[in-house]
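Along the sequence shown, the residues carry numbers beginning at 1.
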Amino acid sequence: MTRTVDTTQELAAFLRTRRERLDPDDFGLPARRQARRTPGLRREEVAELAGVSIDYIVRLEQGRGLRPSADVVEALARALRLAPDERAYLFDLAWQRPVDADTPATSAPPPLAGLVADLSPLPAMLMNHRYDILAWNDEMARLLPDFDTLPPSRRNAMWLCLIHPPMREFYADRDRVVREGVAHLRTAWAAHPQDRALSDLIAECLTHDQEFARLWSERDVKVNGRGRKVMQHPDVGEIAVHFEVLMPLQDPDQQLVIYRPADDASRSALDRLRP
């Protein structure tokens, strides 16, 4: 059985994990006689840093239905020294950022589909926040093994990476690719708490892939819009690409992903994939 986001319980768990990751020595806190029995800051220390009561922190971490204000969320983010992506995630969980109530896109707007095609010969694709692939050009289809043979319901970048057999050995640095994908999905999960299809995808990945389950439990949140990937293509061998992720202003739920060859050998390999 799958479920949408229980933001109260996820907020509680997220606050606990972030508090426990902090090193008290980094805060210059006064020494206390009582030895620390658990890692990280104590609840009373977070309360002092955030300017709220200890009881308030306890109730938040116990998931007792509190809905902190934007000012309190900001104070907690500062106290816990959250990174920008983590801060945005905390605001989403507290329902202090506008939540997109529109139905997530399941097809590409014609202008964006045309742009994807026009980016040829660079491999390009358009995805929604669930990693559903909505549009792609011929170069991307030839790069991803067996992609054009899959039914539309399986054209999802995370499902392909984790569960589709031809893709399990496709990425040379698979651990990093999966970790970044899981962190993105967790961010999307908080921003779209009523997206049943996204919850179903996460549940399927949790059931079928132990690595996904382990990484999901760590509650890392990060959106990586630029980087490098190395792929092992079954026909042409190793291909290294630089990728860029762009978000159209008119369709902010969607992401345009563009690959560029990272070196001459990879450029040659991509050329060999053309008919």
Side-chain angles (χ1 to χ4, degrees), residues 103-174 176-185 187-188 191-192 195 197-198 201 205 222-236 238-262 266-267 269-275:
T103 302
T106 56
S107 61
L112 288 178
L115 176 59
V116 169
D118 289 344
L119 285 167
S120 178
L122 296 177
M125 60 183 171
L126 184 73
M127 301 190 298
N128 61 16
H129 66 265
R130 293 192 293 253
Y131 275 159
D132 294 334
I133 302 173
L134 309 180
W136 59 92
N137 58 16
D138 291 341
E139 287 76 9
M140 185 62 79
R142 286 191 286 267
L143 180 61
L144 301 179
D146 295 341
F147 174 75
D148 54 356
T149 67
L150 295 171
S153 62
R154 290 310 188 191
R155 290 173 185 160
N156 177 278
M158 181 55 72
W159 184 89
L160 288 170
C161 182
L162 290 173
I163 300 174
H164 188 47
M167 292 285 290
R168 288 196 63 86
E169 306 300 327
F170 183 64
Y171 293 105
D173 190 4
R174 186 175 184 275
R176 180 180 58 80
V177 172
V178 172
R179 179 177 289 278
E180 290 177 354
V182 172
H184 167 87
L185 280 187
T187 302
H192 301 269
D195 185 347
L198 176 59
L201 170 66
C205 292
K222 184 176 178 61
V223 178
N224 190 17
R226 177 179 296 135
R228 188 175 188 270
K229 290 181 180 179
V230 180
M231 295 162 277
Q232 300 292 342
H233 195 277
D235 296 329
V236 298
E238 183 175 295
I239 301 175
V241 299
H242 296 299
F243 69 87
E244 194 78 26
V245 182
L246 308 176
M247 297 179 63
L249 288 176
Q250 195 73 19
D251 299 280
D253 180 58
Q254 301 184 32
Q255 305 171 40
L256 177 62
V257 182
I258 306 168
Y259 288 168
R260 295 181 296 111
S266 298
R267 189 182 306 278
L270 286 172
D271 288 342
R272 293 198 300 276
L273 285 175
R274 296 180 194 171

Residue R226 excluded, over 12 heavy atoms near CZ under 6.0 Å: no

Stacked cation flag K229 on F243, 6.0 angstrom / 45 deg: yes

Least distance between heavy atoms, N224 atom then V245 atom: O-CG2, 4.2 Å

Minimum heavy-atom distance P261-S266, with the two atoms named: CB-C, 4.1 Å

Criterion side-chain contact (heavy atoms from CB on, under 4.5 Å) on S120 and D138, from CA distance to verdict: CA-CA 8 Å; S120 178; D138 291 341; over 6 Å; no

Contact check, side chains of I133 and M140, non-hydrogen atoms, under 4.5 Å: no

Under 3.5 Å: donor-acceptor pair, side chain of D195, backbone of A197: yes

Side chains of D132 and T106 in contact at under 4.5 Å (non-hydrogen atoms): no

Interatomic distance, R260 atom CZ to E244 atom CD [nearest 0.5 angstrom]: 7.0 Å

Least distance between heavy atoms, L185 atom then M158 atom: CD1-CG, 3.7 Å

Contact check, side chains of V116 and L256, non-hydrogen atoms, under 4.5 Å: yes

Check: N137 side chain, A124 main-chain N or O, donor-acceptor pair, under 3.5 Å: yes

Check against side-chain contact (heavy atoms from CB on, under 4.5 Å), V230 and D173: CA-CA 7 Å; V230 180; D173 190 4; 6.0 Å; no

Heavy-atom donor-acceptor pair, N156 side chain to W159 backbone, under 3.5 Å: yes

side-chain contact (heavy atoms from CB on, under 4.5 Å) between L112 and L134, intermediate numbers included: CA-CA 10 Å; L112 288 178; L134 309 180; over 6 Å; no

Heavy-atom donor-acceptor pair, R174 side chain to R168 backbone, under 3.5 Å: yes

Test item: H164 side-chain N/O and P166 main-chain N/O as donor-acceptor pair under 3.5 Å: no

Smallest separation among heavy atoms of P121 and E139, with atom names: O-CG, 3.3 Å

R142 side chain vs P123 backbone, donor-acceptor pair below 3.5 Å: no

Parallel, tilted or perpendicular: ring planes of Y131 versus H184, cut at 30 and 60 degrees: parallel

L150 to R154 - nearest heavy-atom pair and separation: CD1-O, 4.0 Å

Inter-residue atom distance I163.CD1 - L201.CG, 0.5 Å rounding: 7.5 Å

Backbone of A240 reached by a side-chain donor or acceptor of R228 within 3.5 Å: no

Point-to-point distance, once rounded to the nearest 0.5 Å, from CD of E238 to NE2 of H233: 13.5 Å

Validation row: L126, P109 side chains within 4.5 angstrom (heavy atoms): yes

M125 side chain reached by Y259 side chain, heavy atoms, under 4.5 Å: yes

Considering all heavy atoms, the nearest M167-L144 contact: CE-CD2, 4.2 Å

Other residues, nucleotides, ligands: >12 heavy atoms within 6.0 Å of Q232 CD: yes

